[in-house]
Every structure is written in C-alpha cells, then in structure tokens.
Amino acid sequence: MPELPEVETTLRGLEPHLDGQVVADVIIRNAKLRWPIPDMLPALLQGQTIRNLQRRAKYLLIAFDHGILILHLGMSGSLRILTSPTIADKHEHFDLQLANGKVMRLRDPRRFGAVLWHSGEIKSHTLFAKLGPEPLLDEFTTEYLYKATRKRRIPIKQFIMDSHVVVGVGNIYANEALFRSGIKPQLAAGKLSRARCDNLLNEIRATLHEAILQGGSSLRDYVDSDGKQGYFQQHYWVYARANEACKRCGNPIKQIKQSQRSSFYCSVCQH
DNA sequence: ACATCTACCTGGAGGC
DNA sequence: TGCCTCCAGGTAGATG
C-alpha cells in the first residue's frame, strides 16, 4: 500500500514526464473514488500548463496557473506514464492526457484514492488546513513531538499515525519505527521521555528515508510499466511477521489490534 | 479537547 | 471448481 515513501517515489518518477507539459484532455472513466472526481475537470484543465509537482503528506499536488490538481492513492492506487495508446482495464479510472501524447493513468482497485481540484493556496483546502508537520522536514522537531505528547493517553502507535500530529506515517512505518526505537506500541504517548521522543523522531525519519532510497532504486521506471510490479517490498523488522522470530533477539513477534489496525512488536526489545 | 468508532472498497487467502 | 468469510488499511467525519 502506498505510504509516504511510495508517494514520494511516484512523485519523482512522474515529475520529468509531467513538469512543464500541456494538458490535452482529462478522461474520467469512473468518478466514484473516495469523493467524486469533479466532472468539470476536463474543462478546467484542457490547454493548461503543469507548473510543478509536489507532495504534501500522502497527497500528490500538480499545480496549474489557476489551481491545483490533488491526487491521493488511498490503499491501492498507482500512477504510471503511458507513451502509446493503451486500453484501460476496469480499475483504471482516470487519465491525464498530455499534448505531447503521453498519458498519466490512475489505477485504483479499491477506490480509496482521490482526485480533487482546488483553486487557491493548498493550505486553505479543508483537507490540508489542519495537517501536522512533514516528518522529513526541519519543522518536525523533538521539542514539538515532546510537547505534543504531553498529557496524551492515546497509545503512541495511534498517536504517530494521527495526521494532525505528523503526516505520512502509516501502519507499516509506525510499526517499524517503534521497533527501531525500542518503544512498544501500547505505551501512552504522554509517558515518553524527551530522550525517547528524540529517538522516535529520528527512527521515523530514518525508516522513511531508507524506504525512499530503496524505492528509488527498485521502482526506477514509470514509463509503460505493466502496473503489476507493485510497490517495493522491504525487509521488515516486525510488520506482518506475527509469530516469527525477532531479528534482534529471536523472541516471537506479537500481533495485537489497536483501533482496528494490526500492530506488531517484540515484547523483549520494546517496552 | 480528546479518544474511539464507522464507513468506504475489492483482491486475495483460507476453509469447506 | 466454487462459494463463503475474513482481512488488509488511509483517513474524514461522526459519536461518545
């Protein structure tokens, strides 16, 4: 599933194909994603020039002179560039056709993703107004994390997955970063010392950075890929390893549910 | 203000 | 082979 590193990798793969290009047309085959794809999108984008691509949280932002195309990959979304006409399969819901003949195509079997339009500053969009800091930027500091955790009783795993606290930390990397910092997922956020907040912040960053590096090397080509290569698999310390031996101490990895989501941890290495 | 729950969706795995 | 059930999960919005 696309977490922040996959979105970042997708952005870097798409950018050289899209930046500065002119939109010829927009094709909406199925508007029923998380929210309906705006039906005025073709009229809004025909003839418009792509000014830049950015990522905020797990959203991809494609900027035009008069507004921003917002894309989210949800659980199962992927984007690729086609250089020749290709029949869309049943899960390929949206195309951005360029004047140079290339096409950016969105595939999203589970349709948790989104394609939206916003005219104006991205910060003024309701989805973006209350987002927390980017985990890979300097705005995400130990001091911020420490203060934010004070008096919070929510388990730390759920806390770091809250996009109002910090964006882009999904289930996989929350589990991994907590293992790497030696913090068990059930621990109340407010119980973390300043030193442990510092450690956690650094491990969130390192985990995401490493995944981006790995993604960059494993997903090098966005052009005419078969779309089946999927997202890069990594070696995980704990994620999806229930009952397997901890790679650090050998103890079996535990699996629990926290607010309907699976958490994995080592009860020896994490406390 | 905070914590928890619900809803959305479909492919894939496992059981029979 | 086919049918059924369960699970995965991002995140806004509702509810307690």
Side-chain angles (χ1 to χ4, degrees), chain A residues 1-11 29-37 55-61 70-79 88-94 106-116 118 122-135 147-178 185-192 204 208 211 226-234 236 238-243 253 255-264:
Chain A
M1 55 280 337
E3 292 223 25
L4 184 147
E6 288 86 348
V7 178
E8 181 68 26
T9 303
T10 297
L11 170 71
R29 292 187 201 80
N30 183 355
K32 294 179 182 173
L33 301 187
R34 179 165 192 183
W35 298 282
I37 300 177
R55 177 187 61 73
R56 172 73 172 114
K58 293 176 186 169
Y59 295 91
L60 280 166
L61 308 176
I70 301 168
L71 303 171
H72 197 290
L73 300 178
M75 287 288 304
S76 58
S78 60
L79 290 163
D89 82 16
K90 66 172 179 172
H91 299 303
E92 295 179 338
H93 310 307
F94 176 88
L106 172 70
R107 177 184 155 86
D108 186 3
R110 294 184 192 177
R111 293 194 278 118
F112 273 26
V115 178
L116 299 169
H118 181 65
I122 196 64
K123 289 171 196 166
S124 67
H125 193 285
T126 52
L127 289 174
F128 293 79
K130 294 178 179 173
L131 289 181
E134 284 289 329
K147 283 187 175 156
T149 52
R150 291 312 87 186
K151 297 182 180 171
R152 296 293 299 271
R153 298 181 184 185
I154 191 172
I156 188 63
K157 161 115 178 314
Q158 286 151 256
F159 184 78
I160 60 175
M161 289 179 69
D162 181 348
S163 64
H164 302 108
V165 171
V166 58
V167 301
V169 182
N171 200 39
I172 295 174
Y173 297 115
N175 279 297
E176 293 295 293
L178 285 169
Q186 307 95 315
L187 186 69
K191 297 273 188 188
L192 281 179
I204 288 172
L208 295 174
D226 61 10
K228 291 175 186 166
Q229 61 194 6
Y231 291 95
F232 42 101
Q233 288 295 312
Q234 316 212 83
Y236 295 129
V238 289
Y239 180 75
R241 296 193 66 244
N243 303 315
I253 298 298
Q255 177 172 5
I256 59 171
K257 285 272 185 194
Q258 292 183 286
S259 84
Q260 335 281 74
R261 296 288 178 256
S262 287
S263 294
F264 303 88

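Letters go in sequence order (proteins before strands), and every chain restarts at 1. Atom set for the values below is all heavy atoms of this structure, side chains included, hydrogens, waters and symmetry mates excluded. Computed from a prediction, not measured in an experiment: that's the story for all the values here.
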Inset, instruction - Return the nearest nucleotide to the side chain of A:Pro109; candidates are C:dG9, C:dA12, B:dG11. - result: B:dG11
Legend entry - Selected nucleotide, minimal atom distance to A:Arg152 side chain, candidates C:dT11, B:dC2, C:dG10: B:dC2
Inset, instruction - Write down the distance between CG (A:Leu71) and P (C:dG10), rounded to a whole number of angstrom. - result: 18 Å
Inset, instruction - Consider only side-chain N and O atoms of A:Lys90 and A:Asn30, and report whether a donor and an acceptor are under 3.5 Å apart. - result: no
Legend entry - Cationic N near anionic O, under 4.0 Å, A:Arg29 to A:Glu92: no
Inset, instruction - Indicate, with yes or no, if the rings of A:Phe128 and A:Tyr59 have centres closer together than 6.0 Å. - result: yes
Inset, instruction - Considering just the side-chain nitrogens and oxygens of A:Ser163, establish if one lies under 4.0 Å of OP1 or OP2 belonging to C:dG10. - result: no
Legend entry - Among C:dG10, C:dA12, B:dG11, the one nearest A:Lys90 by side-chain distance: B:dG11
Inset, instruction - Round to a whole Å and report the spacing from NZ of A:Lys157 to P of C:dT11. - result: 14 Å
Legend entry - Along DNA chain B (nearest heavy atom to each residue), the more 5'-positioned of A:Pro155 and A:Arg111: A:Pro155
Legend entry - Sugar-phosphate, base or nothing in reach of A:Tyr239, heavy atoms under 4.0 Å: sugar-phosphate
Inset, instruction - May I have the distance from A:Met75 (atom CE) to B:dG12 (atom C1'), rounded to whole angstrom? - result: 13 Å
Inset, instruction - Between C:dG9, B:dA3, C:dA12, spot the one nearest the side chain of A:Arg110, thanks. - result: C:dG9
Legend entry - N-O pairing of A:Arg55 and A:Glu134 below 4.0 Å: yes
Inset, instruction - Give one of base, sugar-phosphate or nothing for A:Thr126, where a contact means two heavy atoms less than 4.0 Å apart. - result: nothing
Inset, instruction - Mind checking A:Lys257 for me? I need base, sugar-phosphate or nothing, with any heavy atom below 4.0 Å counting as a touch. - result: sugar-phosphate
Inset, instruction - Return the 5'-most residue of the pair A:His91, A:Arg34 with respect to DNA chain B, ranking by each residue's nearest nucleotide. - result: A:Arg34
Legend entry - B:dC5 phosphate, OP1 or OP2, under 4.0 Å from A:Gln258 side-chain N/O: no
Inset, instruction - Using whole Å, report how far NZ of A:Lys151 lies from P of B:dA3. - result: 13 Å
Legend entry - Atom-pair distance (CG on A:Leu116; P on C:dA12), nearest Å: 11 Å
Legend entry - Nucleotide C:dG9, atom P - distance to NZ of A:Lys58 in whole Å: 11 Å
Legend entry - Phosphate OP1/OP2 of C:dA12: any A:His72 side-chain N/O under 4.0 Å: no
Inset, instruction - Round to a whole Å and report the spacing from CD of A:Gln260 to C1' of B:dT4. - result: 8 Å
Inset, instruction - Take atom CZ of A:Phe128 and atom C1' of C:dA12, then tell me their distance rounded to the nearest Å. - result: 13 Å
Inset, instruction - Please determine, by modelled atom types, if A:His91 and A:Ser76 share a side-chain donor-acceptor pair under 3.5 angstrom. - result: no
